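Because the structure is a prediction, the values reported are computed rather than measured.
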Amino acid sequence: MRRLGLPAGRVPDEALLAGMATGDPEIALAFVRRFQRMVFGIAIAVVDDPQLAEDIAQQTFERAWRHAQVYDTRRGSVRTWLRTIAHNLAIDAVRARRATPVSPEDLDALLGIVNRTPEQWALADEAAARTRAAVAELPREQARAVVMAGIYGMTARQISEFEGIPLGTAKTRIRAAMGKLRTVLGPERADHD
């Protein structure tokens, strides 16, 4: 930072991220200090466990460091990118803690999935590819909303808070996206994916 002649507070987020990717400890420290409250705040809000939230915050910064060179400014700000990483890691932690026992009646169905034939796996991969392509064609806001709801299991309220939009807007985005996916994929695909 001193070499750049700028105080840490005036260095752009993108420059800090790029500097962190080089392994400069001074820049990495400035990066963590800038975002540590936000990252920890997201983690604690999701997991409601200070120790686990600290672990998630550390994992968030480790992931940011490992993937700093592939960060793309066209996909959002560094702040948004970090929020997404922290939120996803926190959701994963909550899901991992919520172990669901399998009832004996469901065991046969689970074993059937494990024993699928290569042809069945190929068909599933093809369906997943069609779904990913259909989601990619949606307007960005709708795609984000439907992915947050469908993959990350977020409620419309959580999406509205995370995106900073009214609850009704979040619901409208999810509904509009699902309608478009049903049209493209057929009613049975959009409901089950």
Side-chain angles (χ1 to χ4, degrees), residues 1-99 132 135-171 173-174 177:
M1 304 304 251
R2 287 180 223 127
R3 288 177 281 181
L4 298 174
L6 291 173
R10 297 199 45 214
V11 176
D13 295 347
E14 292 81 9
L16 278 179
L17 181 62
M20 188 172 75
T22 67
D24 184 312
E26 185 180 349
I27 294 175
L29 181 61
F31 184 85
V32 170
R33 284 187 176 155
R34 181 172 293 179
F35 296 108
Q36 66 187 359
R37 283 191 179 117
M38 176 195 75
V39 168
F40 181 78
I42 291 168
I44 194 74
V46 174
V47 300
D48 196 28
D49 175 346
Q51 183 62 44
L52 183 56
E54 286 179 18
D55 292 344
I56 290 166
Q58 182 176 350
Q59 291 172 19
T60 299
F61 288 114
E62 288 173 3
R63 188 167 290 179
W65 171 69
R66 282 195 319 266
H67 298 287
Q69 65 273 26
V70 296
Y71 165 73
D72 184 359
T73 57
R74 296 173 295 182
R75 299 187 72 194
S77 69
V78 171
R79 185 170 296 276
T80 301
W81 183 62
L82 274 177
R83 276 187 190 133
T84 303
I85 293 170
H87 187 263
N88 292 346
L89 287 171
I91 293 293
D92 289 346
V94 168
R95 287 182 178 151
R97 285 194 315 185
R98 209 184 306 148
R132 282 192 300 276
V135 169
E137 294 297 318
L138 293 172
R140 185 172 187 273
E141 296 82 15
Q142 291 177 10
R144 285 179 58 84
V146 79
V147 167
M148 285 185 217
I151 294 177
Y152 296 109
M154 295 173 71
T155 65
R157 181 170 307 283
Q158 289 171 323
I159 293 168
S160 77
E161 291 168 3
F162 188 78
E163 296 285 284
I165 57 175
L167 177 59
T169 302
K171 289 179 178 180
R173 287 179 183 176
I174 295 167

Tell me, with the steps shown, if F162 and T84 meet side chain to side chain contact (heavy atoms under 4.5 Å, CB included). CA-CA 9 Å; F162 188 78; T84 303; 4.2 Å; yes

Point-to-point distance, once rounded to the nearest 0.5 Å, from [atom1] of [X] to [atom2] of [Y]:
{"X": "E14", "Y": "T73", "atom1": "CD", "atom2": "OG1", "answer": "7.0 Å"}
{"X": "R144", "Y": "E163", "atom1": "CZ", "atom2": "CD", "answer": "4.0 Å"}
{"X": "L16", "Y": "F35", "atom1": "CG", "atom2": "CZ", "answer": "7.0 Å"}
{"X": "R63", "Y": "I56", "atom1": "CZ", "atom2": "CD1", "answer": "11.0 Å"}
{"X": "T80", "Y": "I85", "atom1": "OG1", "atom2": "CD1", "answer": "11.0 Å"}
{"X": "D13", "Y": "R34", "atom1": "CG", "atom2": "CZ", "answer": "5.0 Å"}

Might you point out which heavy atoms bring [X] and [Y] nearest each other, and give the distance in Å?
{"X": "F40", "Y": "A53", "answer": "CE1-CB, 3.5 Å"}
{"X": "V146", "Y": "A177", "answer": "CB-CB, 3.8 Å"}
{"X": "A68", "Y": "A21", "answer": "CB-CB, 3.5 Å"}
{"X": "L17", "Y": "A64", "answer": "CD1-O, 4.1 Å"}
{"X": "Q158", "Y": "T155", "answer": "OE1-N, 2.8 Å"}
{"X": "A86", "Y": "V39", "answer": "CB-CG1, 4.1 Å"}

Who are the salt bridge (Lys or Arg N to Asp or Glu O under 4.0 Å) partners of D92, not counting sequence neighbours?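 D92 satisfies salt bridge (Lys or Arg N to Asp or Glu O under 4.0 Å) with no other residue.
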
Non-neighbouring partners of E141 that pass side-chain contact (heavy atoms from CB on, under 4.5 Å), sequence neighbours left out: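 Here the qualifying residues are P139, R173.
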
Applying side-chain hydrogen bond (donor to acceptor under 3.5 Å, both in side chains) to E54 and Q58, what does each step give before you reach the verdict? CA-CA 6 Å; E54 286 179 18; Q58 182 176 350; over 6 Å; no

Under a 4.5 Å cut-off applied to non-hydrogen side-chain atoms, are H87 and M154 in contact?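 In short, these two side chains touch, coming nearer than 4.5 Å.
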
Which label fits F61 and F31: parallel for a plane angle under 30°, tilted from 30 to 60°, or perpendicular past 60°? perpendicular

Tell me whether the count of non-hydrogen atoms from other residues, nucleotides or ligands lying under 6.0 Å of CD in E137 goes above 12. no

Crowding at CZ, R66 (>12 non-hydrogen neighbours, <6.0 Å):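 Atom CZ in R66 is crowded, with more than 12 foreign heavy atoms closer than 6.0 Å.
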
